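What follows is a set of notes on a single structure, which appears directly below.
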Amino acid sequence: MSGHLRRRREPLRTWWLNWYVYIVPSILLIAYVMYVLVGVHKYSIPWLGDSEGFSEMCKAIVDFSSIVLGIYGFLIPAVIGRQDKFNKIFWETVDKKRFSKDIQRLIISGMITILLSSGLLIADIFSPKMCAFVVGFLWWFLIFYCCNSIRFVSIFVSLIVEGQSKSDEKESDECQEQSEKHKEIKNRLDNKLPKF
């Protein structure tokens, strides 16, 4: 029964992994639209853009997005260029075209997030409707970028950790083989030495 359930859940899990980067931001965008249309207008909930910390929030988003993009700028060449057995297996099994498109999508969404949040630093000259519209786009791209970042960080961490553990196992096996060779040589030498 558990094997049957596992087989039934596998397509659902695969579907979720393929689409959650679009579903989660879209759900949160719908919540944002409800906040703007219903909360701000109907119930007089304070508008985000009226906050004194709005520009600081935009600066923080720019900094966050830039740091994450910088990490990817370091991680992608460092991890992809590694020469170990785990990386070799990964590159033999991964759909390279899709992986490349996923990385491009991640980088482009990060750049769009930076541009939108930078543009909102001059929100004081925008009309309230225009500002709400840009914040909605920023909200969607920021969540999309975060979802993609989580996905790729987990891939890169597994590549680093698994590759390192495989390398450590190989080194351990080599050390054990050398230790056995040393014992064998020592035994042969001991046998050849005259007994006193």
Side-chain angles (χ1 to χ4, degrees), residues 13-32 48-49 51 53-126 130-172:
R13 183 177 184 275
T14 303
W15 180 86
W16 174 252
L17 288 174
N18 286 331
W19 292 101
Y20 84 95
V21 293
Y22 298 102
I23 294 169
V24 172
S26 298
I27 290 170
L28 293 173
L29 180 61
I30 291 168
Y32 167 77
L48 179 73
S51 169
F54 184 74
S55 63
E56 292 301 317
M57 179 193 77
C58 293
K59 286 177 190 173
I61 292 171
V62 170
D63 292 343
F64 163 76
S65 303
S66 301
I67 289 168
V68 173
L69 271 181
I71 290 169
Y72 282 119
F74 169 75
L75 273 181
I76 290 171
V79 173
I80 290 176
R82 286 172 55 118
Q83 298 294 324
D84 56 35
K85 189 176 179 182
F86 187 78
N87 259 15
K88 187 178 177 186
I89 293 168
F90 175 79
W91 288 115
E92 286 171 358
T93 56
V94 74
D95 181 355
K96 293 178 184 75
K97 190 174 181 181
R98 183 175 172 199
F99 188 72
S100 172
K101 284 185 178 180
D102 286 347
I103 289 177
Q104 289 171 7
R105 184 177 60 212
L106 171 74
I107 292 170
I108 289 169
S109 64
M111 289 181 176
I112 291 172
T113 301
I114 291 169
L115 291 173
L116 288 172
S117 50
S118 298
L120 284 171
L121 290 172
I122 54 169
D124 54 335
I125 64 170
F126 292 169
M130 181 65 175
C131 187
F133 185 74
V134 175
V135 169
F137 265 106
L138 172 64
W139 185 241
W140 193 90
F141 275 104
L142 178 64
I143 304 302
F144 181 76
Y145 180 54
C146 289
C147 288
N148 276 300
S149 295
I150 291 167
R151 183 180 187 177
F152 276 92
V153 164
S154 67
I155 290 171
F156 289 138
V157 166
S158 68
L159 281 173
I160 292 168
V161 171
E162 290 294 324
Q164 187 62 43
S165 65
K166 298 288 183 195
S167 174
D168 290 347
E169 284 174 19
K170 187 178 176 184
E171 286 177 14
S172 174

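Since we're looking at a predicted model, the values are computed, not measured.
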task = Report the C-alpha separation of Tyr145 and Ile112 in whole Å, then their side-chain angles, then the decisive distance to 0.1 Å, and conclude whether the side-chain contact (heavy atoms from CB on, under 4.5 Å) test is met.
result = CA-CA 9 Å; Tyr145 180 54; Ile112 291 172; over 6 Å; no
inquiry  = Is it the case that over 12 heavy atoms from other parts of the model lie below 6.0 angstrom from the NZ atom of Lys97?
reply    = no
message = I'd like to know whether CZ of Phe137 has more than 12 heavy-atom contacts from other residues, nucleotides or ligands below 6.0 angstrom.
response = no
Any side-chain heavy-atom pair of [X] and [Y] under 4.5 Å:
X: Phe64; Y: Cys146; result: yes
X: Cys131; Y: Phe54; result: yes
X: Val135; Y: Tyr32; result: yes
X: Thr113; Y: Phe144; result: no

Who pairs with [X] by side-chain contact (heavy atoms from CB on, under 4.5 Å), at least two apart in sequence or on another chain?
X: Ile122; value: Asp124, Ile125, Phe126
X: Ile114; value: Val62, Ser65, Ser66, Leu69, Ser118
X: Arg98; value: Asn18, Asp95, Asp102, Arg151
X: Lys59; value: Glu56, Leu121

note = Residue pairs passing the side chain to side chain donor-acceptor pair (under 3.5 Å) test with at least one member in residues 20-29, sequence neighbours excluded, are Tyr22-Arg105, Ser26-Trp140
inquiry  = Checking Ile23 against Trp16 for the side-chain contact (heavy atoms from CB on, under 4.5 Å) test, could you report, in this order, the C-alpha distance in whole Å, the side-chain angles of both residues, the deciding distance, and whether it holds?
reply    = CA-CA 9 Å; Ile23 294 169; Trp16 174 252; 4.1 Å; yes
note = Residues Gly136 and Leu29: closest non-hydrogen pair is O-CD1, 3.4 Å
ask   = Which residue pairs satisfy the salt bridge (charged side-chain N to carboxylate O under 4.0 Å, His left out) criterion with at least one member in residues 132-144, sequence neighbours excluded?
value = none
Any pair counted as salt bridge (charged side-chain N to carboxylate O under 4.0 Å, His left out), so long as it reaches residues 131-144, sequence neighbours left out = none
message = Any side-chain to backbone donor/acceptor pair from Tyr72 onto Ile103? Under 3.5 Å, distance only.
response = no
request  = Name all residues meeting the ring-ring contact (aromatic ring centres under 6.0 Å, His included) criterion together with Phe152; count only those two or more places apart in sequence or in a different chain, and write none if there are none.
outcome  = Phe99
ask   = Atom CD1 in Ile143, atom CG in Asn148: separation rounded to 0.5 Å?
value = 12.0 Å
query = Roughly how far, to the nearest 0.5 Å, is the CD1 atom of Ile61 from the CH2 atom of Trp139?
reply = 8.5 Å
